[in-house]
Protein chains: 2
Amino acid sequence: MKGENIKEAGLKVTLPRLQVLEFLEKNVGKHFSADELFTQIRISSSEIGLATIYRVLNQFEEAGLVIKHQFENGQAVYELDTGEHHDHMVDVESGEVKEFYDEEIEALQEKLAKKYGYELVDHSMVLYVKKL
Amino acid sequence: MKGENIKEAGLKVTLPRLQVLEFLEKNVGKHFSADELFTQIRISSSEIGLATIYRVLNQFEEAGLVIKHQFENGQAVYELDTGEHHDHMVDVESGEVKEFYDEEIEALQEKLAKKYGYELVDHSMVLYVKKL
DNA sequence: ATCCTTGCAAAATATTTGCAGTATC
DNA sequence: GATACTGCAAATATTTTGCAAGGAT
């Protein structure tokens, strides 16, 4: 169903919400700022307001539909939450974001938490990199 | 010497710069937003401008005297760069923050960046944990 | 004496909110 | 039809910049 997950979040299935969700679904693994989403959706179709984008993204985040990231550049970016954990690598020169998953790192983090007497609940790791 | 590291950064040793640096030196391991520094320095002494705080912090960051962190709340925070890198472990139940350093993780991050054709410039890692 | 630095105010960014009209259930 | 939602504009919040005055070497 098209707006099933929107409805499940207790939100009405409206055009702006569908547009935002569908755009993110078409671009899984990529990250967009509110302004980029605004521009993209404006280009491909109708009259959407930037404020609405922000409102919808906040509601989606609350509902667990999207993940919000605050990388080092001031602007927050959003991506669809596919439920599959991954970490991020940010090219500090181009701003490009790559996702990656490394079993060794994950295991090491578990081990580290235990070493300090904790259980690992969640983590975030961002590598800031530049091209060699 | 008091303003030695300021001078070494190619900056003139001025009152605002000394005040910011000394405040951070008195609070190693803690993090402050520009606004908090502004308020704190205003309370304890003289007429300093918020814009100056921002300028000084940017210069200090450039010079490697302070580290800037962009946490999840929009406001950037700064801490003195003691030269000792560390990551953070946050107890999700108590809110307590532990700093830690692990050679194996550091090496693995370098390796990972290389694997994707990048040079590691910086990284941030936060482990969210709870007591076992 | 020169050039850097400062504080203030205004500008630039990023995001949120008030409101009156509109669409969804 | 009631209520939630929207777009726009105005309001906030954070950080940067222009400028004239003040300070360091």
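Letters A, B, ... mirror the listed sequences (proteins, then strands); counts begin at 1.
The shortest non-hydrogen separation linking E99(B) to G29(B) is OE2-O, 3.8 Å.
Set against dT16(D), dC5(D), dA14(C), the side chain of K12(A) has dC5(D) as its closest nucleotide. Taking every side-chain heavy atom of P16(A) into account, dG7(D) is the closest of dG7(C), dG7(D), dT16(C). When distances are taken from the side chain of A76(A) to each of dT15(C), dT6(D), dG7(C), the shortest belongs to dT15(C).
Remark: P of dT13(C) and CG of L50(A) are 14 Å apart, rounded to the nearest angstrom. Remark: C1' of dA23(C) and CG of L15(A) are 11 Å apart, rounded to the nearest angstrom. What separates OH of Y54(B) from C1' of dC8(C) is a distance of 16 Å, to the nearest Å. Taking atom CG on L18(A) and atom P on dC5(D), their separation rounds to 13 Å, with Å as the unit. Between the CG atom of L11(A) and the P atom of dA4(D) there is a distance of 12 Å, given to the nearest Å. The nearest whole Å value for the distance from the CD atom in Q75(B) to the P atom in dT16(C) is 14 Å. Whole-Å rounding puts the D35(B) CG to dT12(D) P distance at 17 Å. In this structure, Q59(A) places its CD atom 12 Å from P of dT17(C), rounding to the nearest Å.
One cannot find a donor-acceptor pair under 3.5 Å joining the base of dG7(C) and the side-chain atoms of R42(B). In the interface, the side chain of R55(A) is paired with the base of dG18(C) through a donor and an acceptor atom under 3.5 Å apart.
A donor-acceptor contact shorter than 3.5 Å is absent between the side chain of N27(A) and the backbone of K30(A).
T14(B) comes within contact range of the sugar-phosphate backbone alone, with a heavy-atom separation under 4.0 Å but no base atom that close. If you check every strand for non-hydrogen atoms under 4.0 Å, N58(A) touches sugar and phosphate atoms only.
Ring pair Y116(A)/F100(B) is tilted by interplanar angle, where 30° to 60° counts as tilted.
Distance check, rounded to the nearest 0.5 Å: CD of Q59(B) to CZ of R55(B) gives 8.0 Å.
Taking for each of Q19(A) and V77(B) the nucleotide of DNA chain D with the nearest heavy atom, the 5'-most of the two is the partner of Q19(A). Residue order along DNA chain C, read from the 5' end via each residue's closest nucleotide, puts R17(B) first among F38(B) and R17(B).
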Can E106(A) and D87(A) be said to form a side chain to side chain contact (heavy atoms under 4.5 Å, CB included), step by step?
CA-CA 10 Å; E106(A) 303 291 324; D87(A) 290 306; 3.2 Å; yes

